[in-house]
Student: 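Structure below; questions to follow.
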Number of protein chains: 2
Amino acid sequence: MSGKAKRNDGGAEIKMSDIARHAGVSSMTVSRALREPSTVSEKMRRKVDAAVREFGYLPNRIAGSLSSKRSNVVGLIVPSIQNSLYASMIQAISDVLRANGFHLMIANSGHRLDDEEALVSALLAQRVCGLVLHNTTHNKRVRDLVAKTGVPVIETGNLPAEPLDMVVSYSNFEAARAMTAHLGRLGYRKIGFVTLPLRDNDRSEERRRGYFAALKELGLPADPSLVLEASGGFSEGADALVRLIQTHPGLDAGFFAGDVLAVGALFECQRRGWAVPGRVAIASFDDLDLLRHAVPTVTTLRIPRHEIGRRSAELLVNRLLGASPERVRIDVGFEIVQREST
Amino acid sequence: MSGKAKRNDGGAEIKMSDIARHAGVSSMTVSRALREPSTVSEKMRRKVDAAVREFGYLPNRIAGSLSSKRSNVVGLIVPSIQNSLYASMIQAISDVLRANGFHLMIANSGHRLDDEEALVSALLAQRVCGLVLHNTTHNKRVRDLVAKTGVPVIETGNLPAEPLDMVVSYSNFEAARAMTAHLGRLGYRKIGFVTLPLRDNDRSEERRRGYFAALKELGLPADPSLVLEASGGFSEGADALVRLIQTHPGLDAGFFAGDVLAVGALFECQRRGWAVPGRVAIASFDDLDLLRHAVPTVTTLRIPRHEIGRRSAELLVNRLLGASPERVRIDVGFEIVQREST
DNA sequence: CGTTCTCTTGGTATCGCTACCACCGTATAA
DNA sequence: TTATACGGTGGTAGCGATACCAAGAGAACG
């Protein structure tokens, strides 16, 4: 089974009928003994098991899937694999799936909707039995494909207005609003907002909306020059903070809505000797381990990424095991973690 | 294609013969037009393409794989998905595979050899066309399975004495030795060593050996009480450093051979007001972004994780595309990155 | 004792696609 | 012209498993 191999290359594969012959039973009995042992008599099962062990037989799941029109592979598309936020979700998904005998096929879209489309097509061509998409805005063709094939789909990363199927997420809008309001309650009045790129990213956009909504509720002016776009990473966070403080010397807090931006800013403050939160307060999004251990510890939003993964996989597995298709929408919520930096 | 669905549930799937009929050609022509367009005349290709688009046809790769005895899915087993080191390797693998039309099935073994065995079996049952294992010590059954099925395998994470097939890695022994020697050259004389768990982990073991080898070369005493095992994570690194300093007040450097241990230790120093490197120097393993931005910046070993992933995937793809099977052993090396912390 | 039911087992026809071979027409060589 | 080659197309027989149905052996029942 290699990329170029012709038919019958090298040692012939051991197949079920071989096992059947050696065990002196029919291949149906072998098939049953392996998949539903309880439907086969003790004697048969023993004969089959013995032959299976003797030959080190590995059933061919490709053939099984084709025949049964059932697969045990779930497809997952994330914007980037190289990001610990997704990593903890992926880990949880992987664990739940594995416990139920499913496997995970992973791909990353790089935040590009056209790539998402190509990947959804490819995964559906592989006949995955379910999809998890960390994204809630899709191409038309993606929506069509999902509708036509009828595969169960979990969307996550945001709470969409028109879900494809099932959703497990938190509200980026509410989370950003809550943190901004929190900073306001703590007495900060000039709050900068640093966001990840907004293009093709509903999550970023929602966070920005939440920030402005909170400002309004706080009776603070909505100053667009307090909002900066950064591409994610330590340096970008540092740069953004420096730029904000240069243009707004009165800035008393920075809310970094993405990745490790906040930590980059914090390190920059250490480098420049700016007291945190004395000179400027720093708040982050997503409770990375790092934030709990930095000096000072960093106020942040705890998004239950692991739980999102776990519940997504559980919903999918239930559906695959026969639960009736119903639109489920789970809001896992979030939590503000107040620490030393604010 | 769902977990429980019976045959012929709902709308019948569109298949190649349907496309063939509507395009007025044979299904072989459709098959060829999709896989090797150059072997089909312009006219046929257009007819086929039109029908494919009209029906939104998605070829069934499961059937294709069964028939051709070829698959386009590569299996990957890492100790943990939730670890940015693996993440950057996975990202690279995923990118290279995708560019060549392959997909990635991921599983994590949690550092347990028995789980690795179960996963290798499962992936081979899915008839993956290649395997990447981040581990170089395996169960007997794993070695047997690999030998019997003949799938191309890449091992990584260490340079094994008896590789299964191809290897792309660096030497944990040499890396740890080089860093320890480096610290010695800088004048440090009492160098603590904090390692990840040694059990079932040849990488950790090799690193420890490298540490002792360097001490010997430096003419420093090999004191086992300078070696501490920690399970990985910020707090564990912090704890380890504190314990080392308590038992060895003269400790002048700590080499943290794993994960974020060094950063945890660094934060602890900040908390306690210990100057780094004045009171104690800190060196790490693996060039996390974090280390370049921390204050002070942290001396470390740059392991080209991304390159490891890329080259692993490239080797695999070449082999799958027909390269002759030869034992390849690539040592990607490492690099000492001297920074402020030592 | 015959009938009905349950529990096991086996035979067979697919699942959707591709490898292989046969074929046909046209182009090139002899 | 006849022979040979070659690009392009279609028919057919699997790939290795499972779903479905049929059938035999006992058990339970009247």
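Fair warning: this is a prediction, and the values are worked out from it, not measured in the lab. Proteins come first, then strands; the chains are lettered A, B, ... in the order of their sequence lines, and each starts at number 1. What's counted below: heavy atoms across the whole structure, side chains too, no hydrogens, waters or symmetry copies.
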Student: Can you tell me the distance, in whole Å, between the CZ atom of A/Arg45 and the P atom of C/dT8?
Tutor: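 After rounding, the reported distance stands at 9 Å.
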Student: Is there a donor in the side chain of A/Gln126 and an acceptor in the side chain of B/Asn72, or the other way round, less than 3.5 Å apart?
Tutor: yes
Student: Counting only side-chain N and O atoms of A/Ser27, is one of them less than 4.0 Å from OP1 or OP2 of D/dG16?
Tutor: no
Student: Testing the 3.5 Å rule here: is there a donor-acceptor pair between the side chains of A/Glu116 and A/His138?
Tutor: yes
Student: Expressed in angstrom and rounded to an integer, what is the separation of A/Glu36 atom CD from D/dC20 atom P?
Tutor: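 Between P of D/dC20 and CD of A/Glu36: 12 Å.
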Student: Considering just the side-chain nitrogens and oxygens of A/Ser31, establish if one lies under 4.0 Å of OP1 or OP2 belonging to D/dA17.
Tutor: no
Student: Starting from P on C/dT9, measure out to CE on A/Met28 and report it in whole angstrom.
Tutor: 12 Å
Student: Between A/Tyr57 and D/dA17, is there a contact of a side-chain N or O with OP1 or OP2 at under 4.0 Å?
Tutor: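 So the side-chain polar atoms of A/Tyr57 do come within 4.0 Å of the phosphate oxygens OP1 or OP2 of D/dA17, strictly under.
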Student: So if I take every side-chain heavy atom of A/Ser41 and compare against C/dT9, C/dG16, D/dA17, which nucleotide ends up nearest?
Tutor: C/dT9
Student: Determine whether any donor atom in the side chain of A/Ser67 lies under 3.5 Å from an acceptor atom in the base of D/dT18, or the reverse, and answer yes or no.
Tutor: yes
Student: A/Asn60 has a side chain; which of D/dA17, C/dT18, D/dT9 sits nearest to it?
Tutor: D/dA17
Student: Would you state whether a donor and an acceptor, one from the side chain of A/Arg32 and one from the base of C/dG10, lie under 3.5 Å apart?
Tutor: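 For A/Arg32, whose side chain was compared with the base of C/dG10, there is a donor-acceptor pair (under 3.5 Å).
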Student: Whole-Å distance between D/dG16 P and B/Arg70 CZ?
Tutor: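 So the two atoms are 14 Å apart, to the nearest Å.
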Student: Starting from P on D/dA19, measure out to NZ on A/Lys69 and report it in whole angstrom.
Tutor: 12 Å
Student: Would you call the rings of A/Phe55 and A/His22 parallel, tilted or perpendicular, taking 30° and 60° as the class edges?
Tutor: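 The rings of A/Phe55 and A/His22 sit tilted, inter-plane angle from 30° to 60°.
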Student: Search all heavy atoms of A/Leu123 against all heavy atoms of A/Gly75 and return the closest pair with its distance.
Tutor: CD1-CA, 4.0 Å
Student: Using atom CZ of B/Arg35 as one end and atom P of C/dC20 as the other, report the distance to the nearest whole Å.
Tutor: 11 Å
Student: Nearest-Å distance, CD1 (B/Ile62) to P (D/dT18)?
Tutor: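 The distance from CD1 of B/Ile62 to P of D/dT18 comes to 13 Å, rounded to the nearest Å.
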Student: With hydrogens left out and only the distance checked, is there a donor-acceptor pair under 3.5 Å joining B/Thr29's side chain and the base of D/dG8?
Tutor: no
Student: Rounding to an integer number of Å, can you tell me how far B/Glu42 CD sits from D/dT9 C1'?
Tutor: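 The distance from CD of B/Glu42 to C1' of D/dT9 comes to 16 Å, rounded to the nearest Å.
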Student: Within this structure, what is the CG-CG distance for the pair B/Leu131 and B/Leu164, rounded to the nearest 0.5 Å?
Tutor: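 Separation between the atoms: 9.5 Å.
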